[in-house]
Amino acid sequence: MRITAEELTWSVAGTPVVREVSTDIAPGETVGLLGPNGSGKSSLLRCLAGLRAPDAGTVRYDGMSVRDWSARRIARHVAFVEQDSGADSDLRVADVVGLGRTPFRDRWRGPDATDRAVVAAALDRVGLTALAGRPWKALSGGERQRAHIARALAQQPYGLLLDEPTNHLDVKHQLELMELLTDTDQTVLVALHDLSLAARYCDRLLLLHHGRLIASGPPAAVLTAERLAEVFEVDAALTTDALGHPAVTYRRPLGAPPRTETRAPQPAL
Ligand SMILES: Nc1ncnc2c1ncn2[C@@H]1O[C@H](COP(=O)(O)OP(=O)(O)OP(=O)(O)O)[C@@H](O)[C@H]1O
């Protein structure tokens with residue numbers, strides 16, 4: 001499914017947080033959304049997920065404006081994995097993942113065999129089958145994050161919007177998640193803080209700065225030392241990793257005094 005933002009602006013108390021953002025994410029594309037804290041990534045994702053009505057501009061799914069769509073209709077097209085989405089409930093893990101089936105069910109009908117099969121497949125996809133019956137509250141942070149991703153997969157959406165989904169995940173599960181996102185046919189927009197991870201897995205990167213989209217293109221074109229200095233305020237070197245992808249090495253934050261080694265060497269044990 002094609003996801004389009006046309007001149008999107010969203011403001012809080014008259015101050016624009018997302019400013020005239022236009023972009024077009026092609027069916028099946030995996031796009032990384034980058035930007036420093038407060039640059040508007042979550043706000044843009046919420047506009048694209050229909051959770052915020054923009055002050056100006058249009059969100060389109062396959063060319064259709066979603067302005068007047070119900071939450072249920074949007075949820076049949078796009079799943080949104082929010083940052084640290086809470087669910088402090090007494091549900092079991094499989095029940096939380098089963099919430100992804102809600103847009104497809106009549107209000108008073110319980111899960112049927114299809115729902116159960118879809119939930120089982122989603123749990124399997126994120127490696128949580130063994131924890132299906134466990135109380136939600138008993139999960140670790142990383143397990144909850146994977147369960148939220150399973151809930152989004154159970155929605156069987158055409159588009160996936162994810163807000164820093166690698167938070168709480170160990171290295172193996174970060175790589176597994178990025179492989180899942182790149183292997184799927186779904187259109188993916190994923191906000192990430194790990195620039196090297198984004199460069200390695202995404203077809204294209206979008207860079208937000210103060211709510212504006214200031215760069216869009218292949219990772220090697222978007223991630224330059226000059227942009228990292230301007231936008232992230234870090235002195236960084238761009239190299240190529242062992243697999244041929246752009247990789248970022250951070251030297252120091254800009255504006256900070258140079259570090260001096262103050263610790264005395266430890267005596268050998
Ligand atoms: N509902 C709101 N009320 C007030 N301010 C808000 C609201 N939503 C967002 N903001 C402000 O808008 C700015 C952008 O926030 P947003 O969460 O979109 O940034 P972000 O790029 O996702 O940041 P982070 O990397 O820290 O998650 C921030 O200054 C934030 O405080």
Side-chain angles (χ1 to χ4, degrees), residues 3-23 25 30-59 66-67 71 74 78-87 141-142 144-146 148-149 152 159-169 173-174 177-178 181 187-202 204-217 219 222-224 227-236 248 250 253-256:
I3 300 176
T4 309
E6 283 175 4
E7 296 281 317
L8 279 191
T9 295
W10 180 72
S11 309
V12 175
T15 304
V17 169
V18 175
R19 298 167 187 252
E20 296 166 5
V21 169
S22 293
T23 190
I25 305 172
T30 301
V31 175
L33 181 60
L34 310 181
N37 290 143
S39 57
K41 301 179 298 296
S42 303
S43 304
L44 175 60
L45 287 170
R46 288 193 189 118
C47 289
L48 293 173
L51 300 181
R52 297 272 184 272
D55 306 322
T58 308
V59 174
V66 304
R67 182 172 290 274
I74 287 182
V78 157
F80 183 27
V81 178
E82 292 213 62
Q83 213 182 110
D84 293 325
S85 35
R144 284 186 188 199
Q145 188 72 330
R146 282 153 59 205
H148 280 306
I149 290 154
L160 270 170
L161 304 170
L162 306 103
D163 198 355
E164 295 172 37
T166 54
N167 278 356
H168 303 294
L169 298 189
H173 289 113
Q174 288 187 29
L177 171 63
M178 294 309 295
L181 296 181
T187 307
V188 175
L189 179 62
V190 52
L192 293 166
H193 277 302
D194 185 331
L195 306 185
S196 297
L197 198 67
R200 173 166 169 195
Y201 282 103
C202 295
R204 189 157 60 94
L205 300 179
L206 306 179
L207 181 56
L208 280 185
H209 190 31
H210 299 311
R212 283 192 194 286
L213 183 60
I214 63 155
S216 165
V222 168
L223 296 177
T224 63
R227 281 217 185 89
L228 297 191
E230 179 201 343
V231 174
F232 291 95
E233 300 179 32
V234 289
D235 177 10
V248 183
Y250 303 105
L254 289 172

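Every number for a ligand or one of its atoms is a count from 1 in the order of the listing. Computed over heavy atoms, backbone and side chain alike; hydrogens, waters and symmetry mates excluded.
For the pair Ile74 and Phe80, the minimum side-chain heavy-atom distance is 4.5 Å or more. By the 4.5 Å heavy-atom criterion applied to side chains, His209 and Arg227 are not counted as neighbours. Within the 4.5 Å cutoff, side-chain heavy atoms of His173 are placed close to those of Arg146. Inter-residue side-chain proximity for Tyr201 and Leu181 is flagged as unmet; no heavy-atom pair is nearer than 4.5 Å. No side-chain heavy atom of Leu206 sits under 4.5 Å from any side-chain heavy atom of Val21. Put simply, the side chain of Leu213 does not reach to within 4.5 Å of the side chain of Ser22, judged on heavy atoms.
One finds the CG atom of Leu33 at 11.0 Å from the CG atom of Leu162 (value rounded to the nearest 0.5 Å).
Protein heavy atom in closest approach to atom 8 (N) of ligand 1: Trp10 CH2, 3.7 Å. Summary of contacts: the protein heavy atom closest to atom 27 (O) of ligand 1 is Gln83 NE2, 3.3 Å. Here the heavy atom of the protein found nearest to atom 11 (C) of ligand 1 is Val17 CG2, 4.3 Å. With respect to atom 21 (O) of ligand 1, the closest heavy atom belonging to the protein is Lys41 NZ, 2.8 Å. With hydrogens left out, the protein atom closest to atom 26 (O) of ligand 1 is Asn37 ND2, 3.0 Å, a heavy atom. Protein heavy atom nearest atom 15 (O) of ligand 1, with residue, atom name and distance: Ser43 OG, 3.9 Å.
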Problem set entry | Pair Ser216-Arg204, side-chain hydrogen bond (donor to acceptor under 3.5 Å, both in side chains): steps then yes or no | CA-CA 7 Å; Ser216 165; Arg204 189 157 60 94; 3.0 Å; yes
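When each of Asp163, Leu51, Val18 is checked for a side chain to side chain contact (heavy atoms under 4.5 Å, CB included) with Leu45, only Asp163 meets the rule.
At a heavy-atom distance under 4.0 Å, only side-chain atoms of Val12, from C-beta outward, approach ligand 1. The part of Pro36 lying near ligand 1 is the backbone, judged by heavy-atom distances below 4.0 Å.
The shell of residues lying under 4.0 angstrom from ligand 1, judged by heavy atoms, includes Gly40. Heavy-atom separations between Glu164 and ligand 1 include at least one value shorter than 4.0 Å.
Proximity of atom 17 (O) of ligand 1 to the protein is indicated by at least one non-hydrogen atom lying closer than 4.0 angstrom. Remark: atom 13 (C) of ligand 1 lies closer than 4.0 Å to at least one protein heavy atom.
With ligand atoms numbered from 1 in the order given, ligand 1 contributes 25 (O) to contacts under 4.0 Å with heavy atoms of His193.
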